[in-house]
Undergrad: 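Below are the structure tokens for one structure; questions will follow.
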Amino acid sequence: MNDNNQEFKPYIPADKVTPEFTFTSITMGILLAIIFGAANAYLGLRVGMTISASIPAAVISMGVIRIVMKKDSILESNMVQTIGSAGESLAAGAIFTLPALFLWAKEGITEKPSLLTISLISLCGGILGVLFMIPLRNALIVKEHGVLPYPEGTACAEVLLAGEHGGSNAKAVFAGMGISAVIKFLVDGLKVIPGTVVAPIKSIKTAFSTEIFPALVGVGYICGLKISAYLFAGGILGWFVLIPAIVTFGADTIVYPGTETISTLYANGGADVIWANYIRYIGAGMVAAGGLLSLIKSLPLIATTFKASMKSMKNNKGGTKRTERDLSMKFVIIGIVICVLAIWLIPSIPVSFVGAILVVIFGFFFGTVASRMVGLIGSSNNPISGMAIATLLVSTFALKMTGTTGSEGMIGSIAIGSIICIIAAMAGDTSQDLKTGFILGATPKKQQIGELIGAVVSALAIGGALILLDNAWGFGSSNISAPQATLMKMIVEGVMHGNLPWGMISIGAFAAITVEILGIPVLPVAIGLYLPLELSTPIMAGGIIKWIVDKKKGASEGDAGKGVLFCSGMIAGEGLVGIVLAVLAVVGLESKIDLSSKLDTGWIGALVVLALVSFLTYHFAMKKDEKVSTDNKDEK
């Protein structure tokens, strides 16, 4: 506990009222929730990873409110990022699970989920995630100030405070968005530059490949060298160890799930076909085992966290000051009851009474754990994947034991997993945003209303985004492979039917155990094995750029500067153009803007673009960052 928390003075004093919950902040927040929600949905469906939208949303709002509108209103900017970041968090929870329903529809197991079904599942998960966190605010944010660092929330406050002192970091975000949007349109719209460069290495029966998209370089920069290197190591293991071994030793053998000899598969499709038939199952086993291992390692922390949170919540008494007011517990409890009844009773939500009970138990537990763990280790290291896998295993077994089997049981399991995944993601995001507000002197009640607004808007938008992307390219395609959802689908099918290639899954699981014994983080290596090498390579490039910048500037990998903002902009820009191209594909205009038959720059053009993106990332990252301290600001 922090004994000095009563002495903390926020930037805006509690007795001072400034514009906060205004038409401007709500409108901008809703717009950014839709933008970053759609962009992160597209990114997550392509590479299985999303990025935090709090900081880019903060600098965009700061740029518009302070520079364009000439208003000096830091709490309005904070409200914008509060609402806006909800879109990214809800999208992360939804795209990791819900596309499994579309994949089953493609296989004829069920019908495609409706817009109403997706939106209601997302809405219930989003609202519950916010409501479960509200009673914990005083215990985690106020009483533990100075104990729980909440890295993203503190960094976001620092960015907004920098803006108060003349910061111009918003330019880096907009520059990243513009550059990335142009490149994405040239590559996937006009198709005058190939998006992937592949170099076959026939001597060892594999290939080296890289995509050239700016968002992937941005992901690597934001993750840093260590995580990028672990991802790349997983790719090397798959493409330069396992694929050559399978082709060399398999030769004329037919190995399930393949239906032809391995040598025939390789001759007809190269290393990509071997990856699709074997490596992705080994990777799935490694990711699943890695997620469970991370959850098991976190169990002591989870247990003490939950116990401490419950104990603190019992003694939680709201204050009378503006900066101490939360939404009433009566409102919170009624909201939770309504959501749980909706999950059980609304026909469009495929969850039974047993499933609704599981949502309450797992949702409250994981929501509480996520709220505190992001304060300790940050949102990026929060084991949400492990939580989702554990939930799917338990829910699928529970439904199977109670007689809900087949497609009904699988759909129910995914719906339960989706709601709980969204709850954990939203609870973590809410706690980070409330930490930002605590430092700045925001009104908690207004922020909590803002979070609910962001959840509602994002839930309505994510359904349209998923249906649009599926209609344009189809989940499981090269454009949107939906890796996380494919993994969740495999887990549910494995429990319900037992028809997975368990030999491959077991190899991956024991590979995870081996990596864990070596003391190396399992999940990034596993994700690198599970994803195609062409995705890991540009991520590695971004990590190397971050390492060079840190060496030259004397910064640590955790520092957020203009490089992070520029890369966040690149991710958002690519995601938005991806959504635009999906619209063009659905209305039949995709082929009409295709200029590949008239102009194709080939692999030279692709490598030039990758070099340009790398240079621009380095250029913006080396620019001087404007920061101020977030400790006890009591004057303007």
Undergrad: With the side chain counted from C-beta on, respond yes when I419 and S122 share a heavy-atom pair under 4.5 Å apart, and no when they do not.
TA: no
Undergrad: For residues 27-36, please give each side-chain donor-acceptor pair under 3.5 Å, one per line with the distance, not counting sequence neighbours.
TA:
from, atom 1, to, atom 2, distance (Å)
T27, OG1, F23, O, 2.7

Undergrad: Flag the pair F438 / V142 as yes when at least one side-chain heavy-atom distance between them is below 4.5 Å, and no otherwise.
TA: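 The answer is yes, as the side chains (C-beta and beyond) meet within the 4.5 Å cut-off.
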Undergrad: Only counting residues at least two apart or in another chain, list the ones meeting ring-ring contact (aromatic ring centres under 6.0 Å, His included) with F566.
TA: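 By the ring-ring contact (aromatic ring centres under 6.0 Å, His included) rule, F566 matches F620.
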Undergrad: Would you please test I539 and C223 for side chain to side chain contact (heavy atoms under 4.5 Å, CB included) and show each step?
TA: CA-CA 9 Å; I539 291 174; C223 289; 5.6 Å; no
Undergrad: Could you tell me which non-hydrogen atom of T323 sits nearest to which non-hydrogen atom of G441, and how far apart they are?
TA: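 Closest approach of T323 to G441: CG2-O, 3.8 Å.
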Undergrad: Side chains of T117 and S114 only: does a donor on one sit below 3.5 Å from an acceptor on the other?
TA: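 Indeed, the side chains of T117 and S114 share at least one donor-acceptor pair under 3.5 Å.
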Undergrad: Just how far is it from atom OG of S431 to atom CD1 of I134, taken to the nearest 0.5 Å?
TA: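 Result: 12.0 Å between the selected atoms.
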Undergrad: When you measure from the side chain of T22 to the backbone N and O of S25, does any donor-acceptor pair fall under 3.5 Å?
TA: yes
Undergrad: Could you check whether any side-chain N or O of K553 sits under 3.5 Å from a backbone N or O of K623, counting only pairs where one atom can act as donor and the other as acceptor?
TA: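 Checked: pair present.
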Undergrad: For I467, does its backbone N or O pair with a side-chain atom of N471 as donor and acceptor, under 3.5 Å?
TA: yes
Undergrad: About how many Å separate CG of L120 and OG of S348, when rounded to the nearest 0.5 Å?
TA: 6.0 Å
Undergrad: Who are the salt bridge (charged side-chain N to carboxylate O under 4.0 Å, His left out) partners of K184, not counting sequence neighbours?
TA: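 For K184 the salt bridge (charged side-chain N to carboxylate O under 4.0 Å, His left out) partners, ignoring immediate neighbours, are D188.
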Undergrad: Checking F362 now: which residues fulfil ring-ring contact (aromatic ring centres under 6.0 Å, His included) with it, not counting sequence neighbours?
TA: F366
Undergrad: Within the structure provided, determine whether M570 and F213 are in side-chain contact (heavy-atom separation under 4.5 Å).
TA: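 Not touching, per the 4.5 Å side-chain cut-off.
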Undergrad: Salt bridge check: are D326 and R137 linked by an N-O gap of less than 4.0 Å?
TA: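 A salt bridge links D326 with R137.
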Undergrad: Please check if any side-chain donor atom of D433 sits under 3.5 Å from a side-chain acceptor atom of T82, or the reverse.
TA: no
Undergrad: With rounding to the nearest 0.5 angstrom, report the CD1 to CD1 distance, I83 to I453.
TA: 5.0 Å
Undergrad: Can a donor-acceptor pair be found, under 3.5 Å and without considering hydrogens, that links the side chain of R322 to the backbone of P13?
TA: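 Checked: pair present.
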Undergrad: Between the side chain of E88 and the main-chain N/O of G37, is any donor-acceptor distance below 3.5 Å?
TA: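 No; judged by distance alone, with no hydrogens or angles, the pair does not exist.
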Undergrad: Minimum heavy-atom separation for P99 and A485, please, with both atom names.
TA: CB-CB, 3.6 Å
Undergrad: Could you check whether any side-chain heavy atom of M426 comes within less than 4.5 Å of a side-chain heavy atom of L90, counting everything from C-beta outward?
TA: yes
Undergrad: Out of curiosity, I26 CD1 to I449 CD1, how far, rounded to the nearest 0.5 Å?
TA: 9.0 Å
Undergrad: Can you list everything that forms a side-chain hydrogen bond (donor to acceptor under 3.5 Å, both in side chains) with T97? Sequence neighbours excluded, please.
TA: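 If we apply the side-chain hydrogen bond (donor to acceptor under 3.5 Å, both in side chains) test to T97, skipping adjacent residues, the hits are S418.
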Undergrad: I'd like to know if the side chain of Q484 reaches the main chain of F96, judged simply by a donor and an acceptor atom lying under 3.5 Å from each other, with no hydrogens or angles considered.
TA: no
Undergrad: Among L535, V217, V187, which residue satisfies the side chain to side chain contact (heavy atoms under 4.5 Å, CB included) criterion with E211?
TA: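 The option that passes is L535.
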Undergrad: Does the side chain of T617 pick up a donor-acceptor pair with the side chain of S614 at under 3.5 Å?
TA: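 T617 vs S614: no donor-acceptor pair found between side chains.
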Undergrad: Within the structure provided, determine whether S371 and L140 are in side-chain contact (heavy-atom separation under 4.5 Å).
TA: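 A side-chain contact under 4.5 Å exists here.
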Undergrad: Say you draw a straight line from CG of L469 to CD1 of I95; how long is it, rounded to the nearest 0.5 Å?
TA: 10.5 Å
Undergrad: Do NZ/NE/NH1/NH2 and the carboxylate oxygens of K445 and E324 come within less than 4.0 Å?
TA: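 Between E324 and K445 there is no salt bridge, as every charged N stays at least 4.0 Å from the carboxylate O atoms.
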Undergrad: Are the side chains of Q447 and T430 in touch, meaning some heavy atoms are under 4.5 Å apart?
TA: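 Heavy-atom side-chain distance check fails, nothing below 4.5 Å.
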Undergrad: Within this structure, what is the CG-CE distance for the pair L440 and M79, rounded to the nearest 0.5 Å?
TA: 11.5 Å
Undergrad: Can you check whether G220's main-chain N or O pairs, donor with acceptor, with S228's side chain at less than 3.5 Å?
TA: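 Looks like yes, one N/O pair under 3.5 Å.
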Undergrad: So, the side chain of E574 versus the backbone of A215: is there a donor-acceptor pair under 3.5 Å, distance only?
TA: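 A pair under 3.5 Å: yes.
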Undergrad: Distance-only, no hydrogens or angles: does the D470 side chain make a donor-acceptor pair with backbone N or O of F475 under 3.5 Å?
TA: yes
Undergrad: Do the non-hydrogen side-chain atoms of Y150 and T436 ever get within less than 4.5 Å of each other?
TA: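 Y150 vs T436: side chains apart.
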Undergrad: Just to verify, what does E451 make a salt bridge (charged side-chain N to carboxylate O under 4.0 Å, His left out) with, not counting sequence neighbours?
TA: none
